[in-house]
J.: 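I'd like to ask some things about the structure below.
A quick note: this is a predicted structure, and the numbers were derived from the prediction, not measured.
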Amino acid sequence: MVGQGVLRECLLDPTVELVLAIGRTDTAQRHPKLVEILHADFFDFTDIQEQLTGFDACFFCLGISSAGMNETEYQRVTYGYTLAAAETLAPRNPDMTFIYVSGTGTDSSERGRVMWARIKGKTENALLKLPFKAHYMMRPGFIQPMHGIQSKTRLYRTLYAVTAPLFPLWNALLPNYVTTTERVGRAMIRLAKDGSPKTILENRDINALST
């Protein structure tokens, strides 16, 4: 869902010259500056690594819910997929800015009681050690999908449909805890172009960057 929002903003932004989208399924988007690679194994990018050079930024939006998952399974995707991609990109793109979508409540100490927060923290910490030009860890709170974008998870689709009428109220009362797919996308582009003095950006920082 976040990836769809970021892709939309990249395609709309005239300063973005080229977008390479990597996923298991086609985005169904058609645009002159969009190139897609369908790739099945997110632990191994060897087959496509030569196509992953010369980029200014990586917007890493892949993620899953921890609901119903044990720690091993959740870490396999959240940490394993992310580091496999980042470790492929870093040596081939020394001038790259790597932006990772994490989440509010992420545990940088890696020692807390909440499983998903520990693993997100472990992932952030590992990314910050890689030799990119810059790294940014985005920690959005509740993300409201905009412009017809939908989550691939049925439960979330239902949740967002129910909460959509309440979003203007939440946005007014809890601006530090809610954002939108549009704001996340705009903030990512802003970070790639202008950077930020903060490496870890909380929800309020994301909203501020998006304006």
J.: Measuring from atom CD1 of Ile99 to atom CZ of Arg190, what distance do you get when rounded to the nearest 0.5 angstrom?
T.: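 Rounded to the nearest 0.5 Å, the CD1-CZ separation comes to 12.0 Å.
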J.: For Asp44, does its backbone N or O pair with a side-chain atom of His39 as donor and acceptor, under 3.5 Å?
T.: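 Yes; judged by distance alone, with no hydrogens or angles, the pair exists.
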J.: Roughly how far apart are Arg186 CZ and Leu209 CG, rounded to 0.5 Å?
T.: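 Nearest 0.5 Å value for the CZ-CG distance: 12.5 Å.
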J.: Say whether Leu38 and Leu7 are linked into one hydrophobic cluster, either directly or through other cluster members, by side-chain heavy-atom distances under 4.5 angstrom.
T.: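 Looking at the clustering, Leu7 is in a separate group from Leu38.
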J.: Answer whether the closest heavy-atom distance between the side chains of Ile37 and Leu20 falls below 4.5 Å.
T.: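 SC-SC contact between Ile37 and Leu20 confirmed.
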J.: Step by step, work out the side chain to side chain contact (heavy atoms under 4.5 Å, CB included) result for Glu73 and Arg76.
T.: CA-CA 5 Å; Glu73 293 171 335; Arg76 179 177 180 273; 5.6 Å; no
J.: From Glu71 CD over to Ser66 OG, what is the distance, rounded to the nearest 0.5 angstrom?
T.: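 One gets 10.5 Å once the value is rounded to the nearest 0.5 Å.
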J.: Please examine the side chains of Leu83 and Leu130, heavy atoms only from C-beta on, and report whether any two atoms are closer than 4.5 Å.
T.: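 Counting from C-beta outward, Leu130 and Leu83 do come under 4.5 Å.
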J.: Which heavy atom in Thr72 sits nearest to a heavy atom in Asn70, and how many Å separate them?
T.: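 Nearest heavy atoms, Thr72 then Asn70: N-OD1, 3.1 Å.
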J.: Could you tell me whether Phe45 atom CZ has more than 12 heavy atoms of other residues or ligands within 6.0 Å of it?
T.: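 Yes - once you tally the heavy atoms of other residues, nucleotides and ligands closer than 6.0 Å, there are more than 12.
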J.: Side chains of Thr88 and Ile48: does their closest heavy-atom pair fall under 4.5 Å?
T.: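 Result no, sub-4.5 Å side-chain heavy-atom pair not found.
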J.: Measure the shortest side-chain to side-chain distance between Met137 and Leu128 over non-hydrogen atoms and say whether it is less than 4.5 angstrom.
T.: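 Met137 reaches Leu128 side chain to side chain.
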J.: Are Val114 and Val77 connected into the same hydrophobic cluster when the rule is that any two of I, L, V, M, F, W, Y join if their side-chain heavy atoms are below 4.5 Å apart?
T.: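 Yes, because Val77 and Val114 connect within a single hydrophobic cluster, where side-chain heavy atoms sit under 4.5 Å apart.
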J.: Please determine whether side chain to side chain contact (heavy atoms under 4.5 Å, CB included) holds for the pair Arg8 and Glu182, giving the CA-CA distance in whole Å, both sets of side-chain angles, and the decisive distance to 0.1 Å.
T.: CA-CA 8 Å; Arg8 177 184 185 274; Glu182 180 179 303; 4.1 Å; yes
J.: I'd like to know whether Val16 forms a side chain to side chain contact (heavy atoms under 4.5 Å, CB included) with Glu9, so could you lay out the CA-CA distance, the side-chain angles of the two residues, the decisive distance to 0.1 Å, and finally the verdict.
T.: CA-CA 9 Å; Val16 177; Glu9 299 308 313; over 6 Å; no
J.: Looking at Glu36 and Arg30, is any side-chain nitrogen of the basic one under 4.0 Å from a carboxylate oxygen of the acidic one?
T.: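 Judged by the 4.0 Å cut-off on N to carboxylate O distance, Arg30 and Glu36 do form a salt bridge.
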J.: Following the transitive rule for hydrophobic clusters with a side-chain heavy-atom cut-off under 4.5 Å over Ile, Leu, Val, Met, Phe, Trp and Tyr, establish whether Leu12 and Val2 coincide in one cluster.
T.: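 In one cluster: no.
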J.: For a quick test of reading the model, state the closest non-hydrogen atom pair linking Tyr81 to Phe43 and the distance between them.
T.: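 Result for this residue pair: CE1-CE1, 3.3 Å.
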J.: Taking all non-hydrogen atoms of both residues into account, name the closest pair between Phe42 and Ala84 and its distance.
T.: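 Taking Phe42 first and Ala84 second, the nearest heavy atoms are O-CB, 3.4 Å.
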J.: Let me see the working for Ile22 and Leu52 under side chain to side chain contact (heavy atoms under 4.5 Å, CB included), right down to the final yes or no.
T.: CA-CA 10 Å; Ile22 303 172; Leu52 307 180; 3.5 Å; yes
J.: Which value, rounded to the nearest 0.5 Å, describes the distance between Tyr100 atom OH and Leu62 atom CG?
T.: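 Rounded to the nearest 0.5 Å, the OH-CG separation comes out at 8.5 Å.
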J.: Just by modelled atom types, is the Leu89 backbone N or O under 3.5 Å from a matching donor or acceptor in the Asn93 side chain?
T.: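 Judged by distance alone, yes, a pair lies under 3.5 Å.
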J.: Might you point out which heavy atoms bring Val178 and Arg183 nearest each other, and give the distance in Å?
T.: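 Closest approach of Val178 to Arg183: O-NH1, 3.8 Å.
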J.: Has the side chain of Asn207 got a donor or acceptor atom that lies under 3.5 Å from a matching backbone atom of Thr179?
T.: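 Checking the backbone N and O of Thr179 against the side chain of Asn207, no donor-acceptor pair under 3.5 Å is found.
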J.: Do you know which two heavy atoms are closest between Gly5 and Thr181, and how far apart they sit?
T.: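 So the minimum-distance heavy-atom pair works out to CA-CB, 4.0 Å.
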J.: Taking atom NZ of Lys193 and atom CG of Leu191, what is their separation to the nearest 0.5 Å?
T.: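 These two atoms lie 11.0 Å from each other.
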J.: So that I can tick it off, tell me whether Lys122 and Glu110 are bridged by a salt bridge, with the cut-off set at under 4.0 angstrom between side-chain N and carboxylate O.
T.: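 No salt bridge links Glu110 with Lys122.
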J.: Please report the shortest heavy-atom distance between Gly105 and Ala117, naming the atom on each side.
T.: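 Reported closest heavy-atom pair: O-CB, 3.3 Å.
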J.: Contact between Asp95 and Asp56 at the side-chain level, heavy atoms closer than 4.5 Å - yes or no?
T.: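 With C-beta onward as the side chain, the pair stays apart.
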J.: Do any N or O atoms from the side chain of Arg24 and from the backbone of Ala40 form a donor-acceptor pair under 3.5 angstrom?
T.: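 Yes, because the side chain of Arg24 sits within donor-acceptor range (under 3.5 Å) of the backbone of Ala40.
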J.: With a 4.5 Å limit on heavy-atom distance, are the side chains of Thr123 and Ser102 in contact?
T.: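 No, side chains not in contact.
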J.: Side chains of Ile200 and Thr106: closer than 4.5 Å at any heavy-atom pair?
T.: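 No, their side chains stay 4.5 Å or more apart.
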J.: Please round to the nearest 0.5 Å and tell me the distance separating atom CD of Glu87 and atom NZ of Lys129.
T.: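 Those atoms lie 11.5 Å apart.
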J.: I'd like to know if the side chain of Lys33 reaches the main chain of Cys10, judged simply by a donor and an acceptor atom lying under 3.5 Å from each other, with no hydrogens or angles considered.
T.: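 Here the side-chain-to-backbone pair exists.
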J.: Are side-chain heavy atoms of Phe55 and Arg92 found at a separation under 4.5 Å?
T.: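 Answer no - side chains too far apart.
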J.: Output yes when a side-chain donor or acceptor of Thr104 lies under 3.5 Å from a complementary backbone atom of Arg139, and no otherwise.
T.: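 Between the backbone of Arg139 and the side chain of Thr104 there is a qualifying donor-acceptor contact (under 3.5 Å).
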